Amino acid sequence: MNDNLPAGMYARLGIRPVVNAAATLTAVGGSLMSSEVLDAMAEAAGTHVDMFELHAAAGRRIAELTRNDAAYVTSGCAAAIVLAVLGCITQGDPRKIARMPDGSGLPTEVVVHCSHRIPYDPAIALAGAEVVQVGNALQTFEWELEAALTERTAAVFYVAGSHLGTAALDLATTVRIAHVRDVPVIVDAAAQLPPYTNLWELTRKHGADLALFSGGKALHGPQASGFMVGRAGLIAAAAANGSPHQRLARAMKAGKEEIVGLLRALELYLDRDHDADRARWEGVVERWVADLDGVEGLQARRCFPNEAGQPVPRVRVEVDPSRLHATATDLADQLWDGPPRVMVLRDGIDAFYLTPDTLTEEQEHIVPQRIVATAREMAARTGQTVDT
């Protein structure tokens, strides 16, 4: 990857690059793209193309790669939520599409488990739908979901990930209940890669009608990209509401560069040696624990899975303020101030997390070095010493 141009552009804007040891967060640009993905995007940018044809061809290729009936590229997973909900409400009927977002006379309710209420579910309302919540933060009964499904229900929206706990019904049960009433199930799997098998198991094995993924996280595709896979009829219905059509979700257009970049990133991702990736991550985590756990005022240990419930190891660093005379928040602030600017995933005042899957090989070594150096500097200011 060529770092010269981005670094130069950022410097001209007065922006400092970030070493992202936190997670594939949108707030710091998701993940890093490979030269192969950038080359594909540059090629796409060099010519005009019929966008209807490109969407259709890319969708066929993605469906083939992910073992699904159909697929559609969006401008991120949140956009995929909007389009998926619109597809379920309108079924692709132009007469119904014209009635959105008011939706008068159409089924515009989307059922969501209480424990699946996430910061991204306003995308459901953006499509003109109303959220109907079932269950509570501790438990959900099957009869609650059954009672919520009426003639006004457009879909059930289900958020995948073991990090959400067990308060919701499992996906298989949710699908079974919904399908008795012919209600489709949309799965938000934005950050549920790895495992790569989710690309087909959520639909083929667990029965979801649509599964939505981010392109700018584990795939290392364009940050402003996402895609949906699943039932051909619903994919077509969703696409009928989006660009290049002049309809409600046109504002969420995916450009030719994002479509091609996402497709190339997916091809590369499925061609990776995922066992080797996991082994490398484990090696990095082991080194980090060895480097940090012996530092005065710090304790480091391996944790699994990561913040999104993915099978990715990470390190939790706990700070003892009585020994370092500083909190984990203070240390994280100093890491952010740099140089280089390092971002960690904060966990209250006493701890933070480090993840290996967002970093280059060079950055894997920079992160523990910066933490040790910063801890030394902070301790020195308070008259302490930091042993390694």
Side-chain angles (χ1 to χ4, degrees), residues 26 30 40-41 44-63 70-110 119-131 154-155 157 184 186 188 190 209-216 219 221-266:
T26 295
M41 295 179 72
T47 183
H48 294 95
V49 68
D50 184 307
M51 292 299 295
F52 289 102
E53 291 181 356
L54 178 58
H55 263 295
R60 287 192 296 270
R61 176 60 176 153
I62 292 170
Y72 181 70
V73 179
T74 65
S75 58
C77 196
I81 296 173
V82 176
L83 284 157
V85 171
L86 283 170
C88 291
I89 292 173
T90 67
Q91 296 296 306
D93 185 336
R95 295 165 297 182
K96 295 177 181 179
I97 290 173
R99 292 155 68 181
M100 299 304 294
D102 176 69
S104 178
L106 300 177
T108 55
E109 293 183 353
V110 175
Y120 312 110
D121 68 24
I124 297 171
L126 196 59
E130 175 187 356
V131 170
F157 181 73
I186 303 167
D188 178 355
D209 300 275
L210 295 173
L212 321 178
F213 297 92
S214 172
L219 291 184
Q223 170 66 359
S225 72
F227 63 104
M228 64 177 74
V229 297
R231 282 173 43 194
L234 281 180
I235 295 287
N241 287 272
S243 181
H245 297 287
Q246 295 171 327
R247 290 171 179 163
L248 184 61
R250 181 181 173 88
M252 301 168 191
K253 71 174 67 173
K256 59 187 185 298
E257 298 83 8
E258 285 77 25
I259 295 172
V260 170
L262 180 280
L263 174 55
R264 184 62 183 135
L266 180 60

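Residue indices begin at 1 and follow the sequence shown. As a basis for the values below, the full set of heavy atoms in this structure was taken, side chains included, without hydrogen atoms, waters or symmetry mates. Please read these numbers as outputs of a predicted model, since none were measured by experiment.
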Shortest non-hydrogen contact from Val85 toward Ala127
CG1-CB, 3.8 Å
Heavy atoms of Ala63 and Ala71 approach each other most closely as N-CB, 3.8 Å
Validation row: Leu106, Met100 side chains within 4.5 angstrom (heavy atoms)
yes
Nearest heavy-atom neighbours spanning Ile89 and Pro107
CG1-O, 3.4 Å
Paired with Phe157, the side-chain contact (heavy atoms from CB on, under 4.5 Å) test is passed by just one of Val131, Leu210, Ile124, namely Ile124
If every non-hydrogen atom of Ala44 is compared with every non-hydrogen atom of Glu257, which pair is closest and at what distance?
CB-CA, 4.1 Å
Mind telling me whether Tyr72 and His55 have parallel, tilted or perpendicular rings, with 30° and 60° as the class edges?
parallel
To check you understand the geometry: which heavy-atom pair defines the closest contact between Ala58 and Ile259, and what is its length?
CB-CG2, 3.6 Å
What distance separates Leu83 CG from Ser75 OG, expressed to the nearest 0.5 Å?
7.5 Å
Backbone of His245 reached by a side-chain donor or acceptor of Ser243 within 3.5 Å
no
Please answer whether the main-chain N or O of Ala70 pairs with a side-chain N or O of Arg60 as donor and acceptor at a distance below 3.5 Å.
no
Side-chain contact test, heavy atoms from C-beta onward, threshold under 4.5 Å: evaluate it for Val73 versus Leu263 and give yes or no.
no
Answer yes or no: is there a side-chain heavy-atom contact under 4.5 Å between Leu234 and Gln91?
yes
So, does Thr108 use its side chain to make a donor-acceptor pair with the main chain of Glu130 at under 3.5 Å?
no
Carefully, step by step, assess Leu262 and Ile62 under the rule side chain to side chain contact (heavy atoms under 4.5 Å, CB included).
CA-CA 9 Å; Leu262 180 280; Ile62 292 170; 3.6 Å; yes
Any side-chain heavy-atom pair from Ile97 and Leu248 closer than 4.5 angstrom?
no
So how far is it from Met252 CE to Ile81 CD1, rounded to the nearest 0.5 Å?
10.0 Å
Would you check, one step at a time, whether the test side chain to side chain contact (heavy atoms under 4.5 Å, CB included) holds for Thr26 with Gln223?
CA-CA 8 Å; Thr26 295; Gln223 170 66 359; 3.1 Å; yes
Just so I know, are the side chains of Val260 and Leu54 near enough to count as touching, which here means a heavy-atom distance under 4.5 Å?
yes
What verdict does the side chain to side chain contact (heavy atoms under 4.5 Å, CB included) test give for Lys256 and Thr47, after you've listed the backbone C-alpha separation in whole Å, the side-chain angles of each residue and the deciding distance to 0.1 Å?
CA-CA 10 Å; Lys256 59 187 185 298; Thr47 183; 5.9 Å; no
Do Thr74 and Val82 come close enough that some side-chain heavy atom pair is under 4.5 Å?
no
Val229 side chain near Phe213 side chain, heavy-atom distance below 4.5 Å:
yes
For residues Pro184 and Arg231, report the shortest heavy-atom separation together with the two atoms involved.
CB-NH1, 4.3 Å
Decide yes or no on side chain to side chain contact (heavy atoms under 4.5 Å, CB included) for Thr90 and Arg247, but give the supporting numbers first.
CA-CA 12 Å; Thr90 67; Arg247 290 171 179 163; over 6 Å; no
Answer yes or no: is there a side-chain heavy-atom contact under 4.5 Å between Met228 and Ile186?
no
